[in-house]
Structures are given as structure tokens and as C-alpha cells.
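By convention here, the first residue in the shown sequence is residue 1. Bear in mind that the values here come from a model prediction, so they are computed numbers and not experimental data.
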Amino acid sequence: MIILSLILFTYIGMGLLGVHPIATIGVLLEILQPFFEVFNPIGIGVMLIVGALATASSGTYGIVVTMTSVNTQQNPYAITLTNLPFTLIFGFIGIVVSYFLI
């Protein structure tokens, strides 16, 4: 559970810094390589996908937040804070599903 949570929070943190989820996957795949022999890779793969999708709504420099901020004339950080609960709930569901697959 800790490893799956760290994957999610890595995505969220890197997304808030402006790093694209594909670049984050590249970094995480190198770090998680030893775990593929211990855990089921399908569970970790599901978490990698869910983590990347979860940050679509809360990445400050992402297209969803940028278009919403332009159209509503709001601060992108305020939109990120509004969307962050959805990201955490979606990520938690991904953690539960991944845990059962592992």
C-alpha cells in the first residue's frame, strides 16, 4: 500500500511542478524495476496508469486546468485545489484495485 501511495503522490507532485505524466512514467519504471519480480506487474501497471490519469484534472500546467482557467478567468492554482479531492479519490480507488491485483 505504501509503494502504491508513493506512486500516486509522485505523479501528483511532479504534475504540480509541470512534469508530464509520460516523463514521470519513465522515471518510475526505472525505480520500480526490482519490484516486478516480487509483486504482480499488472497491479503496478494499473497504478501507473491510474496515477497518470488522476493528474489530468489537477496538474496546474495541464490542458484541462489551463483551458478552464482561461475560460472562467480563475487562477489555475485555485482550480487545482478544487480538483484535488477528485484526484485523491480516483487515486485511492486505483490503489485499492491495484492492491487486490497484487
Side-chain angles (χ1 to χ4, degrees):
M1 293 290 279
I2 294 172
I3 295 170
L4 298 174
S5 299
L6 287 174
I7 292 172
L8 177 66
F9 289 121
T10 301
Y11 272 114
I12 293 172
M14 299 288 266
L16 292 176
L17 292 175
V19 178
H20 198 274
I22 293 175
T24 307
I25 285 176
V27 171
L28 286 175
L29 281 177
E30 291 297 321
I31 295 171
L32 294 172
Q33 192 83 20
F35 293 110
F36 291 153
E37 296 178 12
V38 178
F39 300 122
N40 187 1
I42 294 175
I44 295 175
V46 166
M47 192 60 223
L48 289 170
I49 293 169
V50 169
L53 291 174
T55 59
S57 65
S58 65
T60 307
Y61 302 105
I63 191 73
V64 173
V65 175
T66 302
M67 288 179 62
T68 305
S69 71
V70 167
N71 289 329
T72 60
Q73 301 297 321
Q74 292 181 12
N75 187 350
Y77 294 102
I79 295 170
T80 297
L81 286 176
T82 304
N83 292 345
L84 204 56
F86 169 76
T87 300
L88 294 174
I89 291 170
F90 188 70
F92 178 72
I93 292 170
I95 289 171
V96 170
V97 170
S98 296
Y99 181 72
F100 285 124
L101 288 174
I102 289 177

Scan the side chains in residues 91-102 for donor-acceptor partners under 3.5 Å anywhere in the protein, sequence neighbours excluded, and list what turns up.
unit_1: Ser98; atom_1: OG; unit_2: Gly43; atom_2: O; d: 3.1
unit_1: Ser98; atom_1: OG; unit_2: Met47; atom_2: N; d: 3.3
unit_1: Ser98; atom_1: OG; unit_2: Gly94; atom_2: O; d: 2.9

Distance from [X] atom [atom1] to [Y] atom [atom2], nearest 0.5 Å?
X	Y	atom1	atom2	value
Ile44	Asn40	CD1	CG	8.0 Å
Leu4	Leu8	CG	CG	9.5 Å
Ile2	Phe9	CD1	CZ	12.0 Å
Phe90	Asn83	CZ	CG	13.5 Å
Leu84	Ile89	CG	CD1	10.0 Å

Name the atoms and distances for all side-chain donor-acceptor pairs under 3.5 Å in residues 48-55, with sequence neighbours left out.
unit_1: Thr55; atom_1: OG1; unit_2: Ala52; atom_2: O; d: 2.9

Locate the shortest heavy-atom distance separating Thr80 from Ser58; write the atom from each residue and the value.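 Between these two residues, the closest heavy atoms are CG2-O, 3.0 Å.
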Does [X] share a hydrophobic cluster with [Y], counting links as ILVMFWY side-chain heavy atoms below 4.5 Å and allowing steps through other members?
X	Y	answer
Leu88	Phe86	no
Val38	Phe36	yes
Met1	Ile12	yes
Val70	Tyr77	no

Please say whether more than 12 non-hydrogen atoms of neighbouring residues, nucleotides or ligands are located less than 6.0 Å from CG in Leu81.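 Enclosed: over 12 neighbouring heavy atoms sit under 6.0 Å from CG of Leu81.
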For residues 16-33, which side-chain donor-acceptor pairs fall under 3.5 Å, sequence neighbours excluded?
unit_1: His20; atom_1: ND1; unit_2: Ile22; atom_2: N; d: 3.1
unit_1: Thr24; atom_1: OG1; unit_2: His20; atom_2: O; d: 3.3

